[in-house]
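Let me begin by presenting the structure, written as structure tokens, before commenting on it.
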Amino acid sequence: MNTRAQIKRLIQPTVQSMSAYQVPSSAGLIKLDAMENPYHWPEDLRQAWLAELAAAAINRYPDADAQALKQQLGAVFAVPEGAQLLLGNGSDEIIQLLVLSMARPGLVVMTPEPSFAMYKMATQIVAAQFVGVPLRADDFSFDLEATLAAITQHQPSIIFLAWPNNPTGNLFDTAAISEVIEQAPGIVVLDEAYQAFAKRSFMPLLKKYENLMVMRTLSKLGLAGLRLGFLAGHPAWVSEFEKLRMPYNIGVLTQTSVAFILKHIEVLNEQAARLCADRDRMFEDLAALPGVRVWPSAANFLLLRMENRGADEVYEKLKRQGILVKNLHAAHAMLNNCLRITIGKQEENKALLAALKNCI
Ligand code: PMP
């Protein structure tokens, strides 16, 4: 049997042309690459959590529709009455479910560019058409005119808007987003992964727009390892997406842990507030470095451009000094020589600043 020939014949051509999402090893490094919260919980909370985990029924399948957890999420995150929730193994899984639910020849998925890589990946997997509408050069602001023109031309079934945007960190203009929701021929997914830092949300507008879906994740709030994201939207839409969800996608340990920590949400919110203050301090410190351009951010990361050095070189030099950041140089033409740094603990941020000074 000729395996290579079989793969060439059987695997979808677009999948063959894709590369798997690469996660570099972070062993022994200060990890400032993936927008994780660097803090754990106070010791007494950890002990109480462990006691709950010890009693968890891991011999049983998890609660398949996690009604109690959804109610708790709805209350904590102010989901309006009447909206329905869909839970995903991270919001990555929800992105994939949404695209899969509409997969057919001619499907168009649209996002501003540059933005979160998973929207494009999920689209490529189903061999649908991905349309990226460039953000404005220089400040990465949302180009409403270009977006409306692209909507008219391509008739996208799904528009993903990361708000704040990853990797640029900015919030697009709210009036422009409302206009997009009103003009879209399909659904608009407001991906509010960084809401804990931006403190602004389209959630209340679920009452106004039936084609609006608001997506959140608990990852950036400090639970990246548990994998839980959710989508809130009109029940008629969400019931369709629900059909694609594998019944036990949220494990017992995740359900138990999230139910526990949501009762202490103030701990996570305080950590987020501390990260916001440290982000603002880092912004000032980075802006003062010669040869570094930094953009304002409403999230827990900052986008930097190396103006006199190659980002590849700086990335490697930082790594040699024990710090892992995200190199975006090859990700998009508008991200030439750009790095993205996650805000960590104060000592980690200081270490990054010192290491960066050594590079420039
Ligand atoms: N949306 C955005 C905008 C993101 O930046 C990320 C993570 N980088 C995600 C969604 C996915 O988060 P998760 O799968 O951990 O919920």
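Both counts, for ligands and for their atoms, begin at 1 and track the order of listing. Computed from a predicted structure; not experimentally measured.
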> Can any side-chain N or O of Q255 pair as donor or acceptor with the backbone N or O of I250 at less than 3.5 Å?
Replying inline: yes
> Is R279 reaching over with its side chain to a backbone N or O of A299, donor-acceptor style, under 3.5 angstrom?
Replying inline: yes
> Does the distance from a Lys or Arg side-chain N to an Asp or Glu carboxylate O, for E313 and K317, drop under 4.0 Å?
Replying inline: yes
>> Quick test: of every protein heavy atom, which one is nearest to atom 12 (O) of ligand 1, and how far off is it to 0.1 Å?
In response: S91 OG, 3.3 Å
> Is there a ring-ring contact (aromatic ring centres under 6.0 Å, His included) between F160 and F116 once you walk through the steps?
Replying inline: CA-CA 9 Å; F160 285 105; F116 182 40; 9.2 Å; no
> Which protein non-hydrogen atom lies closest to atom 3 (C) of ligand 1, naming both residue and atom, and how far is it?
Replying inline: D191 OD2, 3.4 Å
> T217 heavy atoms, cut-off 4.0 Å: which ligand 1 atoms fall inside?
Replying inline: 13 (P), 15 (O), 16 (O)
>> Set out, in order, the CA-CA distance, both residues' side-chain angles and the distance that settles ring-ring contact (aromatic ring centres under 6.0 Å, His included) for F77 and F230, then state yes or no.
In response: CA-CA 11 Å; F77 295 107; F230 68 90; 5.6 Å; yes
>> As an exercise, identify every atom of ligand 1 less than 4.0 angstrom from a heavy atom of S219.
In response: 13 (P), 15 (O), 16 (O)
>> With a 3.5 Å distance limit and no angle check, can you tell me whether W163 reaches the backbone of R200 through a side-chain donor-acceptor pair?
In response: no
> Hey, are D33 and K31 close enough for a salt bridge, meaning a charged N less than 4.0 Å from a carboxylate O?
Replying inline: yes
> Can you find an N/O atom of Y119 closer than 3.5 Å to an N/O atom of ligand 1?
Replying inline: no
> How close does the nearest protein non-hydrogen atom get to atom 6 (C) of ligand 1, and which residue and atom is it?
Replying inline: F116 CZ, 3.4 Å
> To the nearest 0.1 Å, how far is atom 5 (O) of ligand 1 from its closest protein heavy atom, and which atom is that?
Replying inline: Y194 OH, 2.6 Å
> So which protein heavy atom does atom 8 (N) of ligand 1 come closest to, and at what separation?
Replying inline: K220 NZ, 3.0 Å
> Which atoms from ligand 1 have a heavy atom of R227 less than 4.0 Å away?
Replying inline: 13 (P), 14 (O), 15 (O)
